[in-house]
Q: 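One structure is given below, represented as structure tokens, and several questions about it will come after.
All values reported here derive from a predicted model rather than from experimental measurement. Order of listing sets the numbers, starting from 1, for every ligand and every atom in it.
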Amino acid sequence: MAISQQVFLRDAMRRLNLTRDVFAARIGVKRRALDTWLLPEGSQEARAMPEVVSRFVTEIVENGALMEKYAQSAQSGPLRDRISASGKHQLLSVDQFTRESVEELFRVADLMQPIARRRKVSRVLEGAVLGNLFFEASTRTRVSFGAAFCRLGGSVCDTTGFTFSSMAKGESIYDTSRVMGGYVDAMVIRHPEKGSVAEFAAATNIPVVNGGDGAGEHPSQALLDLYTILTEFSRLGKLLDGAHIVMAGDLKYGRTVHSLIKLLALYRGMKFTLVSPPGLEMPEYLLEQASRNGHVIEQTHDLAVGLKGADVVYATRVQKERFAGENMEGYSADFQINRAIVDACCGPDTIVMHPLPRDSREGAFDLSTDLNHDPRLAIFRQTDNGIPVRMAIFAVLMGVEGLVQHSLRDVTWSPPSHIGPDDSVFHGLD
Ligand code: CP
């Protein structure tokens, strides 16, 4: 680069008419990383901008159409209107997002971090009630949506399983949803049938969030997964555009990977390697959708081959409960992601993810616990990110995201600096 990176970046921000915050978000890096690239050369904190960032910024600035798109800011109306489904403020599928709107949601999630990390409290949803309707087993999604709503000042009513709901007496989705809409201000629903949450959503005008519909989608999980990847990449000085993502495991029934591959396909020049046992491959319609933007998609049954050069390894559990005649009990040992194969095939900057729960029973060969002390294992950073991302989803759907910043107060108690005994030193730090 003939000019210094500071001059180059300042010129790009000026030409795009973007603040540092918005510029950092637009190019998919943390504000802190951008700040270090803008420091004068020779200063102790200054860092060299990765070559891939330089190429990306040059491309945005030189391409008029792209520049217009990237220069767009909040003036295009409230985010909840831009991501609405059927004109309603609901989150049913990641198809509702563009790259710009997903990154706007993540800026709201960043705003929520001090609350999620128990340094600040907010009451912007005081008086609002969430109805959590979970007709399938869940720990993370149900509790973290509930905790997210409570941390914004709201309260939660739960029903779990068919047995304790009047659906066991034959009540329809329409009646259940309309009745609940009269009791609560927002609903999160998990149901074993694909498409069922959209049916709930059609029967009410209150915000509805899909907490997982059979083998369909799990949009909030994919959003927190993408948020985690961007956060980890920012720490590692990597850009998501051009990254190599390996998805491994039950790609046929794993709804988290169905949503995640669509979100990742909003980025550019991606390489996806899909590793699954025979018979559990990613459905064809998703391969077709993900490859539309010219991404490279490779499929293999050989884990060691698939993991080579991965920036992200995303493992999934065998979804035995959804099997429709498949003749297998679980993974065989050669499908297990463990310390040995990660050390042999991946680099020090690879991150290992899993939506959880992982099946830790002997013989399941799900993601091994022998990586628990390895900082590449991002699974608990991933679950912790469920709170700010789900808070952001509620704040946006309920139109209060603009009130959060000024509502913050200090907490009155002292949380531990690290939640887990095996948390890496950078866990919880931006
Ligand atoms: N990842 C996930 O959906 O976890 P739960 O099934 O525990 O909600």
Side-chain angles (χ1 to χ4, degrees), residues 91-94 109 116 130-151 156 158-162 164-165 186-194 196-197 200 208-229 231-232 245 247-264 312-323 330 337 351-361 364 366-367 369 377-394 419-420:
L91 174 55
L92 305 179
S93 163
V94 294
L130 172 70
N132 245 346
L133 273 64
F134 277 66
F135 300 105
E136 244 190 7
S138 170
T139 296
R140 272 144 294 276
T141 313
R142 186 171 64 84
V143 177
S144 64
F145 265 122
F149 208 80
C150 291
R151 290 201 183 278
V156 182
D158 265 309
T159 178
T160 49
F162 284 102
F164 297 106
S165 117
M187 279 191 273
V188 179
I189 297 157
R190 171 171 287 188
H191 192 281
E193 278 165 36
K194 188 174 173 180
S196 54
V197 180
F200 274 94
V208 170
V209 179
N210 182 358
D213 61 328
E217 280 217 38
H218 196 345
S220 67
Q221 177 71 46
L223 287 165
L224 77 89
D225 291 340
L226 177 58
Y227 182 79
T228 301
I229 293 170
T231 305
E232 297 283 317
I245 312 287
M247 294 181 175
D250 180 352
L251 307 182
K252 179 175 183 179
Y253 293 113
R255 59 193 168 200
T256 65
V257 283
H258 297 173
S259 293
L260 183 58
I261 196 165
K262 291 199 274 183
L263 270 189
L264 288 166
V312 176
V313 178
Y314 190 100
T316 63
R317 180 179 65 86
V318 170
Q319 312 273 311
K320 248 187 291 186
E321 66 275 25
R322 303 196 201 291
F323 277 12
I337 294 172
I351 57 168
V352 180
M353 300 173 67
H354 191 301
L356 303 186
R358 60 178 155 172
D359 189 342
S360 299
R361 290 171 290 196
D366 201 343
L367 175 64
T369 53
L377 188 76
I379 57 175
F380 299 118
R381 302 196 285 280
Q382 205 178 338
T383 51
D384 284 356
N385 283 333
I387 296 289
V389 170
R390 289 180 168 130
M391 289 171 80
I393 290 169
F394 286 133
I419 304 298

Q: Set out, in order, the CA-CA distance, both residues' side-chain angles and the distance that settles side-chain contact (heavy atoms from CB on, under 4.5 Å) for L130 and F394, then state yes or no.
A: CA-CA 10 Å; L130 172 70; F394 286 133; 3.8 Å; yes
Q: With sequence neighbours left out, write down each residue that passes salt bridge (charged side-chain N to carboxylate O under 4.0 Å, His left out) with R151, or none if nothing qualifies.
A: none
Q: Taking all atoms of both residues into account, what is the closest heavy-atom pair of D359 and A364, and its distance?
A: CG-CB, 3.4 Å
Q: What are the atom names and distances for all N or O pairs under 3.5 Å between ligand 1 and the protein?
A:
from     : atom 1 : to   : atom 2 : distance (Å)
ligand 1 : 1 (N)  : Q221 : OE1    : 3.0
ligand 1 : 1 (N)  : P355 : O      : 3.0
ligand 1 : 1 (N)  : L356 : O      : 2.8
ligand 1 : 3 (O)  : T141 : OG1    : 3.0
ligand 1 : 3 (O)  : R190 : NH2    : 2.9
ligand 1 : 3 (O)  : H218 : NE2    : 2.9
ligand 1 : 4 (O)  : R140 : NE     : 2.9
ligand 1 : 4 (O)  : L356 : O      : 3.4
ligand 1 : 6 (O)  : R190 : NH1    : 2.9
ligand 1 : 7 (O)  : T139 : N      : 2.8
ligand 1 : 7 (O)  : R140 : N      : 3.0
ligand 1 : 7 (O)  : R140 : NE     : 3.1
ligand 1 : 7 (O)  : R140 : NH2    : 2.9
ligand 1 : 8 (O)  : S138 : OG     : 2.6
ligand 1 : 8 (O)  : T141 : N      : 2.9
ligand 1 : 8 (O)  : T141 : OG1    : 2.6
ligand 1 : 8 (O)  : R190 : NH1    : 3.4
ligand 1 : 8 (O)  : R190 : NH2    : 3.3

Q: Evaluate the side-chain contact (heavy atoms from CB on, under 4.5 Å) criterion for residues I229 and T231: first the C-alpha distance (whole Å), next the side-chain angles of each, then the deciding distance (0.1 Å), finally the verdict.
A: CA-CA 5 Å; I229 293 170; T231 305; over 6 Å; no
Q: Any ion pair linking D158 and R142 (charged N to carboxylate O, less than 4.0 Å)?
A: yes
Q: May I ask you to test the V208-V188 pair for a side-chain heavy-atom distance under 4.5 Å?
A: no
